[in-house]
Structure formats: structure tokens, C-alpha cells
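Notes follow once the structure below has been shown.
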There are 2 protein chains.
Amino acid sequence: MAKAVKKLSARQESILAFVERYIDENGYPPTIREIGKECNISSTSVVNYNLNKLEEAGYLVRDGKVSRGLRLAGQPNIVTSSVVRVPLVGRIVASEPVPVPESDFSIFGDDAIIEVTRDMVPDIDDLFALEVTGDSMVDAMINDGDIVIMRPHQNAQNGDMVAVWLTDRGETTLKYLYWEQDRVRLQPANPTMSPIFIEDPSSVQVQGRVVAVIRHA
Amino acid sequence: MAKAVKKLSARQESILAFVERYIDENGYPPTIREIGKECNISSTSVVNYNLNKLEEAGYLVRDGKVSRGLRLAGQPNIVTSSVVRVPLVGRIVASEPVPVPESDFSIFGDDAIIEVTRDMVPDIDDLFALEVTGDSMVDAMINDGDIVIMRPHQNAQNGDMVAVWLTDRGETTLKYLYWEQDRVRLQPANPTMSPIFIEDPSSVQVQGRVVAVIRHA
DNA sequence: TTATAGCCTGAACGAGTGTTCTAAGTCAAA
DNA sequence: TTTGACTTAGAACACTCGTTCAGGCTATAA
């Protein structure tokens with residue numbers, strides 16, 4: 001931790017912060033003159049000079065002679081801070097199966113969109129989000145109003161938190177899934193609660209894997 | 001569902017594929033001429049023409065007059081948006097007070113950074129994040145490993161989820177806070193659990209208000 | 001045929017943009 | 001004070017790059 005990096009001048013920090021912000025907002029890096037204007041530097045050569053310093057210090061990479069030839073580098077916390085848009089496709093309630101979206105998900109639909117940062121999810125494809133309604137998921141440590149981000153089915157591993165539809169009970173539940181000898185163990189996230197065992201694995205329909213939970217205040 | 005999108009010509013698909021690849025490889029979008037060279041288009045105006053078509057079809061967004069003013073759009077994949085960086089300042093455990101950061105937060109410090117999308121938090125100032133350690137917050141529906149995003153103290157309202165330090169008990173807990181006549185009611189988020197009452201309000205130190213909770217898979 | 005629309009060509013214009021050069025200011029060490 | 005490394009300023013240059021324009025080619029409809 002605390003990698004030894006060259007200390008940056010105030011101006012260099014200002015430039016770096018602006019570059020990050022600009023890329024966040026625009027999807028491409030700023031020009032030298034845009035940096036100069038924002039950071040109150042009248043001369044393009046000074047921006048150029050400090051960009052070279054930042055490259056030496058390992059904060060970014062420059063591609064010579066190309067416009068906007070900048071790339072953030074190093075510092076693993078600044079991964080181009082990308083945002084993943086996940087469609088909010090419905091609600092999850094105890095009494096109904098999970099509404100898994102069609103594979104031809106309508107990107108441009110008017111449905112609500114949940115934005116999460118890239119590092120919150122392991123992968124960006126096929127994700128969908130559901131709003132939890134009711135208190136039936138409390139033993140999964142999930143509250144009324146929470147947002148659950150899921151990935152459809154996809155052969156769940158032991159220990160994954162999954163949404164399952166129990167055909168016997170007519171009930172959706174979120175639990176940690178464990179295949180045991182000839183039964184299925186569904187373990188609540190809440191460590192004070194006991195697992196339930198399903199003796200007939202065919203009555204367990206895994207609907208999706210939970211990859212993240214978000215709770216607004 | 002499956003919104004009717006205009007079909008793309010082979011050339012347009014080729015351009016789109018190249019733009020995606022280029023951005024992936026370089027961190028910034030290609031120029032019109034770079035696209036033309038790669039896609040065997042001799043004229044910049046044709047590239048320009050097809051880029052406009054792609055924009056009409058919703059596949060990308062163009063910023064007029066700026067070099068490399070391209071952005072991929074649509075597809076619930078990475079897009080640019082506002083991201084709030086919250087410093088991860090420590091852990092929250094039952095046996096210690098919450099480590100509230102100094103007001104002169106060092107953005108560029110070595111500490112870890114949690115990124116959240118702008119719409120997840122009500123405001124962006126003074127936020128800090130804590131990682132929950134242990135199972136002591138289960139009655140707040142918060143698990144070991146969850147990330148709690150907080151705002152320091154700031155006169156908590158009735159009904160806010162707050163982190164409080166109970167001086168009598170030497171214990172930190174996350175509860176919904178209610179000031180009643182002459183006592184304080186701390187209500188667990190889990191509706192199946194009972195509130196606790198503190199008869200001596202002075203022994204309740206509100207350390208911060210919880211504005212969001214994040215749980216990775 | 002004529003007309004219209006869609007797609008393409010080639011070239012040129014002008015603003016955008018990285019680079020380079022000279023000169024000067026700042027600050028600490030000698 | 002002098003020296004030298006580091007930083008900044010301003011200007012000029014040459015290339016990059018988005019835009020625009022006049023026109024050509026092909027296919028479909030009138």
C-alpha cells in the first residue's frame with residue numbers, strides 16, 4: 001500500500017483532477033488548451049511540460065502528436081471511472097417468480113435505469129436490476145426498497161447468492177445456494193437464521209445470481 | 001420491447017466495431033481519418049456521413065467541431081456519467097466509535113476510494129465510506145463486508161438511519177433514530193426485531209447519518 | 001425516360017491542436 | 001551574489017481534423 005510516487009505540485013494535481021473529470025464527463029480526454037483554460041494556465045507549453053511530468057510520475061500515458069492523446073494510468077482507483085447502466089426491469093416479491101428479462105433487452109425502452117460504477121459488478125453484460133418490495137427478504141439482509149442487481153441464471157456455483165423460485169412453496173427467495181449430496185441447502189445471509197433444506201432439487205429453480213445490492217437512504 | 005432500430009449497413013457496422021475497439025485499446029476515440037483508413041473509406045466526408053447516420057440510429061453521440069468528439073451510446077454498457085468519489089476511511093465495528101474523517105479530507109491520499117453514481121447519494125459533500133466488519137450490524141440489515149456511505153453528524157432527523165455510539169454500552173450501532181419525549185428510540189431496520197430505548201439521551205452520540213449501503217457479491 | 005433518394009468521391013477551407021523555441025521568473029545550494 | 005535546476009510565459013509553426021461543397025453513381029418509383 002501507499003506506493004512511493006513523486007509528489008505532485010498543486011498545478012499538476014489540478015491538471016490531473018481536471019483530466020479525470022473531463023474524461024468522466026465527455027468520454028474522451030481534453031486538449032492541451034482546454035486543460036490550460038480550466039487550470040488558469042495561459043501557455044500551452046506549460047501544460048505540455050506538466051503533462052510530461054505527470055507521465056514521468058506514472059499518472060498518465062501520452063501518445064505523441066495525436067490530439068487528445070491522453071490516457072489515465074497507474075493508480076488502480078481511477079479506472080476511467082466508468083458507469084454501467086442496468087435496466088430496472090421490475091420488482092421482486094416473495095409470491096412471484098423473478099421477472100427475468102428477455103434476452104433481447106430493450107436498451108432504449110423508457111424503463112428506469114440504474115447506474116452503478118463499473119467496479120461494483122464483476123461483468124457488464126446481461127445485468128438487470130429489480131426493486132425489492134416487502135419485507136420478505138429480510139433474512140437475506142435485503143430490505144423493502146433495496147435494489148438488487150442480478151445476472152440471469154448462468155450455472156450458479158456453490159456459495160452464490162441466488163434468487164430461487166421454489167415450485168413447491170410458490171415462493172421466491174434470496175439465499176446462498178449449496179448443492180449437497182442429494183438435497184439443496186439454502187442459507188440465509190443473516191447468520192442468526194437457520195438454513196432451509198430442499199430435498200427435491202428439481203423444485204429449485206435458480207432464476208439468477210445476485211451480484212450487488214444497493215440501498216439508498 | 002425490442003425497439004425498432006434502423007438496420008445498419010455493412011460499412012456502418014464496420015465503423016461502429018472499429019470505434020469500439022479503438023476506444024478500448026487507446027482510451028480515446030479515433031479521428032474521422034483513422035476510421036476511414038481502417039474501414040477502407042477514402043473520403044472523410046463519407047465517414048462523417050455514416051457517423052451521422054450512426055448517431056441518428058442512437059449508437060453513438062457526436063460532439064460537433066471537436067476532434068475525436070465521439071462517444072458510444074445506448075447499449076447498457078459503459079457510458080460516461082457523473083461519479084462521486086468517496087474516501088474509504090476505515091472500518092466500522094461494534095466495539096469502537098465510528099472513525100469520522102478530519103474535515104481536510106485528502107483526496108489524493110493513499111486511502112481506497114469508493115465510487116458511487118451521483119444519483120445514489122443526496123449530496124456529494126463531506127461523504128465518507130466505511131467497511132463493515134463482523135456480523136454485529138445484522139439487525140440493521142447490514143452484513144459483514146458491506147460498504148456504508150455516511151455523512152458526518154449534521155443534526156439527524158427523526159427517522160434517519162444513523163451510526164450512534166452508546167457511551168453506556170461502549171458500542172456502535174446502526175439504527176433508525178427517533179427522539180421521543182425524554183428518551184431515544186433506536187429502531188432496527190429489520191422489522192422483526194424490537195427497538196431499544198435509551199433513557200439518557202446524553203449517552204447517545206450520533207456519529208453520522210447513513211446515506212447508502214452497498215453490497216458486492 | 002425523368003425524378004428522387006441514398007450513398008459515395010475528391011478536394012479544399014479554416015479552425016483545432018501538439019510541438020518547439022526563446023526568454024524570463026523562482027528558489028535553494030554553493 | 002552567483003549558479004543552476006525547475007517552472008512559467010508567449011509566440012510561432014506545421015500538421016491534424018471536422019466541415020463543407022460540387023458533383024457522380026446506383027437503384028427504385030413515377
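Here is the naming used below: chain letters follow the sequence lines, and residue numbers restart at 1 for every chain. Side chains are part of it too, since the values below use all heavy atoms of this structure and drop only hydrogens, waters and symmetry mates.
Sorted by residue number, the members of residues 41-48 of chain A with any non-hydrogen atom under 4.0 Å from DNA chain C read A:T44, A:S45, A:N48.
Residue A:E34 contributes atom CD, which lies 13 Å from atom C1' of C:dA15 at whole-angstrom precision. As a whole-Å value, the separation of A:D63 CG from C:dG18 P is 12 Å. The distance from atom CD1 of B:I32 to atom C1' of C:dG10 is 15 Å, rounded to the nearest whole Å. B:I35 places its CD1 atom 14 Å from the P atom of C:dC8, with the value rounded to the nearest Å. In this structure, A:Y49 atom OH and C:dG18 atom C1' are separated by 18 Å, rounded to whole Å.
Taking B:R33 as the reference, B:T31, B:T44 meet the side-chain contact (heavy atoms from CB on, under 4.5 Å) condition, with sequence neighbours excluded.
Chain B approaches DNA chain D within less than 4.0 angstrom (heavy atoms of the protein), and the contacting nucleotides run 5' to 3' from D:dC17 to D:dC21.
Using a 4.0 Å heavy-atom criterion, one finds that B:G69 contacts no nucleic acid atom at all.
Both B:V66 and B:N50 lie close to DNA chain C; mapped to their nearest nucleotides by heavy-atom distance, the more 5′-ward contact belongs to B:N50.
Taking all atoms of both residues into account, the shortest heavy-atom contact from B:M150 to B:L130 is SD-CD1, 3.7 Å. Here the closest heavy-atom approach between residue A:F18 and residue A:E38 is recorded as CD1-CG, 3.2 Å.
In this model, no donor atom of one side chain and acceptor atom of the other lie less than 3.5 Å apart for A:Q187 and A:Y178. At a cut-off of 3.5 Å, with distance as the only test, no side-chain donor of B:N26 or A:R68 sits close to an acceptor on the other residue.
In this structure a side-chain-to-backbone donor-acceptor pair under 3.5 Å is present from B:N158 to B:W179. Remark: the backbone N or O of B:R62 is paired with a side-chain donor or acceptor of B:E55 at under 3.5 angstrom.
Counting distance only, with no hydrogens placed and no angle test, the side-chain atoms of A:R33 and the base atoms of C:dG16 include no donor-acceptor pair under 3.5 Å.
Among the candidates B:I41, B:V46, B:L60, the single residue satisfying the side chain to side chain contact (heavy atoms under 4.5 Å, CB included) test with B:I15 is B:I41.
Contact check for A:I147 versus A:R215: no side-chain heavy atoms found under the 4.5 Å cut-off.
Within the structure, every side-chain polar atom (N or O) of B:K65 is placed at least 4.0 Å from both OP1 and OP2 of C:dG14.
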